[in-house]
Amino acid sequence: MSNSLSDSDGLHPDSLLAHAGGGFDAATGAVVPPIQTATTFVRDEDYEPVLPGHIYSRDSNALYRKTEKLLAALEGGEDSRLFASGMAAIAAIVRSVKPGGTLLAQSGIYWGTTLFLRKHCARNNIALVEADASDLSAFQDEFSVTQPDLVWLEVPSNPFLKVADIRKIAELCNGTSAVLCVDATAATPLILKPLSFGADLVMHSATKALNGHSDLLGGVVSTSNASSEVWTFISEERQNAGAVLGSFETWLLLRGLRTLALRVERMNTNAIDLARSLEAHPKVKSVLYPGLKSHPQHSLAKSQMTNGFGSLMSIMIDGGKDESLKVAGALDIFQRATSLGGTESLVEHRFTIEGEGSGIPENLLRLSIGIEHGNDLIADFDQALTTI
Ligand SMILES: *Cc1c(COP(=O)(O)O)cnc(C)c1O
């Protein structure tokens, strides 16, 4: 007997998160779940599993299921699957496209995704078409010409913060065999729920804000239809290809999720305040953040995002590579590191990482905004910008 919260209690997501994975367990009296370290589970005298569904941890275990059900509830989806990393989740989804098939992906998205898509598609005779999904009519044209099996969007995109119209692109996919998947890592499900706009799948790198403490790798995919062909493929792929999240990581993720609502709230406030301050700064040419009125898809972002606009932004320094690296080097609170969605603010010079030919401007700094006091973040940039 246990008393745990579920979405069927009609609670606000913030309340579900505050109790993530927990609830009173009559067997132990514990209010937080135990870490399930067992890899294998016993059968009774009649050779039935003692606990239905518990056979071997690569298939599933109670801790995964608690976490997956919570994440599915946050997305308004029917089910979720955890993976060993965001990329493992992406790989499982992409492998649903058969050789000879076509994948239409948004251009200028997370570098790791683009790299994987290019290599995987080239090796497996899959046609990969990359197009700017924030230009709806051009994307519509690509869609009609290519008739893709899978459409891949990233909203908002990393590092350009472009916002694609999920509703309109879902309408395009509707009535065709195309599966629409949205990588909503930079938003979190508290800000963006792609399934509610008609996407078939939503994925997150749980490494980022879902866990939020820069101390584990994880990924999650959720579906609007747990009996669809693509979902059957993805859940079999998780089980058979074995890219499961470890139990310790799952437990840490659940613990991180307990504070997701608070972290997102603070990050949103810090991000919009910093974005406005930087936009007004003479040493900053422009700020890419969907919460700003100057953002080219601001009204679309407002119609899709709730509670704020997330913790990711990019800024263009008034100068070149040297000035941009100088500003990054002069920051005290912002750590110079890749990744996003952690409690600590991070700064990254993407051009140094991706190099010539990547399309990344040399004066672009990508920022992940943490939960520090907002005034300290603004002051840190004010002092760093005086060095150029
Ligand atoms: C980090 C990231 C990924 C990859 O996730 P990992 O957990 O690092 O494998 C995918 N998409 C986006 C938008 C990301 O930021």
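Just so you know, these numbers use all the heavy atoms, side chains as well, and skip hydrogens, waters and symmetry mates. Just so you know, ligand 1 is whichever comes first in the structure, and atom 1 is the first atom listed for that ligand.
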So does S196 get a backbone contact from the side chain of R167, meaning a donor-acceptor N/O pair under 3.5 Å? no
If you draw the axis of the six-membered ring of F139, does the NZ or CZ of K162 fall within 45° of it and under 6.0 Å from the ring centre? no
Looking at L201, is its backbone amide N or carbonyl O close enough to the side chain of W231 to form a donor-acceptor pair, meaning the two atoms are under 3.5 Å apart? no
Tabulate distances under 3.5 Å between N/O atoms of ligand 1 and N/O atoms of the protein, writing both atom names on each line.
unit_1, atom_1, unit_2, atom_2, d
ligand 1, 5 (O), S205, OG, 3.0
ligand 1, 7 (O), G86, N, 2.9
ligand 1, 7 (O), S205, OG, 2.8
ligand 1, 7 (O), T207, OG1, 2.6
ligand 1, 9 (O), G86, N, 3.1
ligand 1, 9 (O), M87, N, 2.8
ligand 1, 11 (N), D183, OD2, 2.6
ligand 1, 15 (O), K208, NZ, 2.7

Under the side chain to side chain contact (heavy atoms under 4.5 Å, CB included) test, residues paired with S137 that sit two or more places apart: D135, Q140
E68 with R65: basic N within carboxylate O range, under 4.0 Å: yes
Spacing of CD1 belonging to I353 relative to CD belonging to E348, to within rounding of 0.5 Å: 5.0 Å
